[in-house]
Amino acid sequence: MIWSKEETWDRKEIEKIQLERLKESVKRAYENVPLYKEKFDSVGLKPEDIKSLDDLKKIPFTVKDDFRANYPFGMFAVPKKEVVRIHASSGTTGKPTVVGYTKKDIRTWAELISRVVTAAGVTDDDTAQIAFGYGLFTGGFGLHYGLENVGASVIPMSSGNTEKQIMLMKDFETTVLICTPSYALYIAEVAEKMGIDPKKDLKVRIGLFGGEACSESARTEIESKWGILATQNYGMSELMGPGVSGDCEYQCGMHISEDHFIAEIIDPKTGEVLPEGEIGELVITTLTKEALPVLRYRTKDMTSLTYEKCKCGRTTARMLKIRGRSDDMLIIRGVNVFPTQIESVLEGIEEIGPHYEIIVTKNGHLDQMTINIELADGKFLEKFSCLEQISKKVDHKLKTVLGLSSKINIVQPRTLERFEGKAKRVKDLRNVN
Ligand code: DLL
């Protein structure tokens with residue numbers, strides 16, 4: 001099923017509405033948000049200079065620091081009276097990033113989530129359990145209104161309280177689970193401990209996962225443990241929250257609602273726009289947001305775009321799985337290391353499950369990277385030689401990919417930390433005394 005006709009428009013129609021809305025969005029931002037006026041003035045650009053979609057390139061980028069510098073409400077383009085909802089993303093340092101919505105923004109949000117959940121196969125026959133946090137995080141409330149809008153019976157469970165989560169899932173016959181992929185893995189483990197086999201004893205058939213990257217091994221494990229279709233959806237507080245894009249049943253890239261967002265891929269170093277298919281940093285311009293129009297926002301998320309028509313009938317551009325963030329990079333003994341590189345090495349080794357942890361410390365003046373890796377199955381623990389073999393295999397592969405040796409610790413299944421929200425797999429302890 002396809003929720004709205006705009007998802008099947010041909011490119012000409014999409015581009016026509018994009019240009020109309022881009023002009024409005026630019027005008028709204030320029031006239032109401034001092035930051036945008038300053039940015040435009042600094043390069044001698046006026047809203048009237050945006051005459052084609054190609055002119056988008058002329059607009060300076062917006063970055064997270066712009067939100068920080070305008071904390072709390074300086075990025076809003078409407079008077080506070082018109083704002084009916086405020087969310088914020090926590091961030092590890094400093095002040096949170098604050099975002100606001102008008103009544104119309106909230107309605108648009110519900111519509112865009114309706115598209116995402118319909119693409120994943122959710123209908124009004126479903127019972128949807130939201131195990132994202134409700135609160136300042138956009139995950140819980142964001143999914144909530146869209147799921148209600150399609151007519152699903154929504155259980156606003158929030159994250160945590162895992163045993164109760166499972167009890168309700170059983171008693172209420174939940175058919176759709178909404179959470180981070182790491183929490184889906186954790187819930188399955190707790191269910192098993194309770195003597196419940198999620199595949200046989202529960203009725204969940206679709207997973208709507210987002211908020212963090214999901215490796216192929218995590219997705220495979222979720223699908224096999226739960227017996228579900230594990231779909232992914234993408235979003236970010238600054239852009240609205242969830243609802244920017246989502247998988248259809250073919251899981252071949254997340255469909256972007258292009259009548260509401262323009263996506264570009266840039267080289268993160270030079271800012272140059274890259275052609276279709278190349279991997280780079282995703283940059284998004286919002287086209288319909290009233291309270292918080294965002295122009296050319298640098299998401300730091302690395303991905304690529306395809307404009308090929310999908311088998312599902314949608315014509316919208318798709319963004320492929322996020323390949324990590326450009327600011328995730330660790331510098332270990334001078335070598336640039338992306339956690340996703342490590343993850344892709346681990347994915348190729350069958351004895352290893354989806355749980356791992358990267359710890360960076362200092363040994364005197366030297367950086368030391370330790371990777372704790374959880375075995376997929378306890379049976380490998382029985383033989384020391386088996387463990388040694390796995391360890392050697394990982395070390396060798398990592399050395400080839402990173403050109404760097406690291407300390408590998410193979411640990412028993414179910415010993416590494418589990419997460420109810422977004423997983424934190426990297427601990428950089430170098431600056432901690
Ligand atoms: O995580 C919004 C969201 C909630 C999306 C629930 C989907 C579902 P933030 O807390 O602002 O917003 O975090 C945004 O999370 O820049 C990505 O790095 C990451 N992220 C979100 N969805 C995905 C995904 C929400 N499907 C940041 N795959 C983004 C990979 C994702 N990373």
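Indexing begins at 1, ligand by ligand and atom by atom, following the structure's order. In what follows, residues are counted from 1 in the order of the sequence shown.
Annotation: side chain of Thr180 is in contact with side chain of Phe132 (closest heavy-atom distance under 4.5 Å).
Near Arg325, meaning under 4.0 Å from any of its heavy atoms, are these atoms of ligand 1: 16 (O), 18 (O). In summary, the atoms of ligand 1 found under 4.0 Å from a heavy atom of Gln232, numbered by their order in the structure, are 26 (N), 28 (N). Annotation for ligand 1: atoms under 4.0 Å from non-hydrogen atoms of Phe132 are 6 (C), 8 (C).
Residue contacts with ligand 1 leave out Lys300, since none of its heavy atoms falls under 4.0 Å from the ligand.
A donor-acceptor contact shorter than 3.5 Å is absent between the side chain of Arg298 and the backbone of Phe61. Judged by distance alone, with hydrogens and angles left aside, the side-chain atoms of Thr62 form no donor-acceptor pair with the main-chain N or O of Val294 at under 3.5 Å.
Taking all heavy atoms of Leu239, Asp247, Asn233 into account, the minimum distance to atom 26 (N) of ligand 1 is reached by Asn233.
Between Lys422 and ligand 1, at least one N/O pair is under 3.5 Å apart.
Taking the six-membered ring for Trp, Tyr30 and Phe40 have ring centres closer than 6.0 Å.
Applying the side-chain hydrogen bond (donor to acceptor under 3.5 Å, both in side chains) test to pairs two or more places apart or on separate chains, those with a residue in residues 71-85 are Arg85-His87. Applying the salt bridge (charged side-chain N to carboxylate O under 4.0 Å, His left out) test to every pair with at least one member in residues 222-251, sequence neighbours left out, gives these pairs: Lys64-Glu238, Arg219-Asp247, Glu221-Lys225.
Atom 18 (O) of ligand 1 has Asp301 OD1, 2.7 Å as its closest protein atom, hydrogens excluded (heavy atom only).
With a heavy-atom cut-off of 4.0 Å, Met236 touches ligand 1 through backbone and side chain alike. Using a 4.0 Å cut-off between heavy atoms, Lys321 makes no contact with ligand 1 at all.
Sparse packing is recorded around NZ of Lys407, with 12 or fewer heavy atoms of other residues, nucleotides or ligands lying under 6.0 Å away.
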